[in-house]
Amino acid sequence: MKTQFHFNPKGPFNLSLTINSGQTSQPPWKEDNHHFQELVIVDGAPCLVKIGHEDSDPENRVNIMAESPETVSEKAIKTKVQDIFGLEHDLDQLYTFLGEDPKLKPTIAFCRGLRIFKAHNPFECIISSISSANCSILRWTRSVNDIKRRWGDGYRFSSGDFYTFPSPTVLARAPEHDLEEMQRCEDNLPLDFVFDKNLQACGVGYRAKYIINASRMVQSELNLEKLARMKYKRAFDTILQLPGVGPKVADCILLYGLGMGEAFPVDVWIKRIIEHLYFPGEELKPQEVREFGMERYGDWAGYVQLYLFHYARKSGLLESLKKK
DNA sequence: TTCCAGGCCCATA
DNA sequence: TATGGGCCTGGA
């Protein structure tokens, strides 16, 4: 099955910026001639979704192409794409909100069209968010791609091979390190056999334990559909129980994985930016910054966090805030 | 070579 | 209940 259609987002939409902004929902989609593609499960069917702007102009409507070994309705694909790229979010309304706060107004010019890049698979977002803790974007995205290649289901398309993210059940059984992988193997392997189908070989380091145990919890007691239906506060407390999930990672999961826009993930940078803008000369605790952001920005908190960080990065503010 | 990154866990008060 | 050291790994 192959299909192709157009789509008009609500307000500006910068696809490339959205995909490459380091949001922990998933690694960037594969880029190919101004289009981005990824294997997404739509209505239970594996579907290669390819998306790009007409004439590669961020202000133009988007082209969507989809390909699947099964039959998938155009409507289902459209709904999924809308959900992933937050195309139903009214950015003009966001810009009105940002424009009312002199501290936030400058972010608009730097981030126009940037949207929440939501997970197409919430479990993948949990694992990538855990992997991102104390770790660079480059490193955690590579780890997630390594995990997909090793344990995901592979599909071959004309534009290349793509993999699903493995299920919690599969990941819960993955070996933590090469020693464990070795112990589980049969002893008639070739002498030069490389033990790399284990989590530490994916570069996740000490987070391997967290990933395995979090996967176990998701396959047993923590129901992700229930979590998605919870109110923010309860969902936050629930997700905190996963190993490797503290306040920052929990908010990333709720924002990028489940689309809870009132989450305000506070990392060291957001902390420094908020202190610089609103509390010059003072030092706040991360928890205080989180409360400040949630109180002040309400339902736009997630977007404000996203915009502040990218504004700071592009404007040079981030560089000047590096600790002395 | 050495240091530390877009935090979390756990031992100590 | 609050604080600080240690942690995998790999780029700078």
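Letters A, B, ... are given to chains in the order of the sequence lines, protein chains preceding strands, and every chain is numbered from 1. What's counted below: heavy atoms across the whole structure, side chains too, no hydrogens, waters or symmetry copies.
- Within 4.0 Å of A:Ile137, counting heavy atoms only, lies at least one base atom of the nucleic acid.
- As a whole-Å value, the separation of A:Trp140 CH2 from C:dG11 P is 16 Å.
- Heavy atoms of A:Tyr210 sit under 4.0 angstrom from primed sugar atoms or phosphate atoms, though from no base atom.
- In the hydrophobic cluster analysis, where Ile, Leu, Val, Met, Phe, Trp and Tyr join through side-chain heavy atoms closer than 4.5 angstrom, A:Leu15 is grouped apart from A:Tyr256.
- With 3.5 Å as the limit, one finds a donor-acceptor pair spanning the side chains of A:Gln26 and A:His120.
- For A:Glu283 and C:dG4, the CD to P distance is 11 Å, given to the nearest whole Å.
- Checked options A:His177, A:Glu181, A:Glu176, A:Glu180; the residue passing with A:Asn198 is A:Glu181 (criterion: side chain to side chain donor-acceptor pair (under 3.5 Å)).
- Summary of the strand contacts: A:Phe309 and A:Leu242 both lie near DNA chain B, and taking for each the nucleotide with the nearest heavy atom, the more 5' one is attributed to A:Phe309.
- Nearest nucleotide to the A:Ala133 side chain, out of B:dC8, C:dC8, B:dG6: B:dC8.
- Residue A:Pro247 is in sugar-phosphate contact alone, with no base atom involved, counting any heavy-atom pair closer than 4.0 Å across all strands shown.
- Pairing for C:dC8 is absent, with no Watson-Crick or G-U wobble pair whose two atom distances lie under 3.5 Å.
- When heavy atoms are screened at a 4.0 angstrom cut-off, A:Ser21 is found touching base atoms of the nucleic acid.
- Between A:Arg142 and A:Arg139, the residue anchored nearer the 5' end of DNA chain C, judged by the nucleotide with its closest heavy atom, is A:Arg139.
- The distance between atom CD of A:Gln305 and atom P of B:dG6, rounded to the nearest whole Å, is 14 Å.
- When rounded to the nearest whole Å, the span between CG of A:Leu318 and P of B:dG6 equals 8 Å.
- Atom NZ of A:Lys30 is surrounded by more than 12 heavy atoms from other residues, nucleotides or ligands within 6.0 Å.
- Of all nucleotides present, none satisfies the Watson-Crick or G-U wobble test against B:dG6 with each distance under 3.5 Å.
- A gap of 27 Å separates the P atoms of C:dA2 and B:dG6, to the nearest Å.
- At a threshold of 4.0 angstrom between heavy atoms, the contacts of A:Pro243 are confined to the sugar-phosphate backbone, with no base atom among them.
- Note: A:Phe264 and A:Tyr297 have tilted aromatic rings, judged against thresholds of 30 and 60 degrees for the angle between ring planes.
- B:dG6 atom C1' lies 14 Å from atom NZ of A:Lys271, rounded to whole Å.
- By the 30° and 60° cut-offs, the orientation of the rings of A:Tyr155 relative to A:Phe157 is tilted.
- Across all strands, A:Lys209 comes closer than 4.0 Å to no nucleic acid atom at all (heavy-atom distances).
- Here B:dG6 presents its C1' atom at 4 Å from CG of A:Asp267, a figure rounded to the nearest Å.
- A:Tyr206 places its OH atom 16 Å from the P atom of C:dG5, with the value rounded to the nearest Å.
- Per the geometry, CD1 belonging to A:Ile253 stands 19 Å off P belonging to B:dG6, to the nearest Å.
- Separating the P atom of B:dA11 from that of C:dC8 is a span of 14 Å, rounded to the nearest Å.
- Side-chain proximity of A:Leu138 to the nucleotides C:dG11, B:dG6, C:dC8 is greatest for C:dG11.
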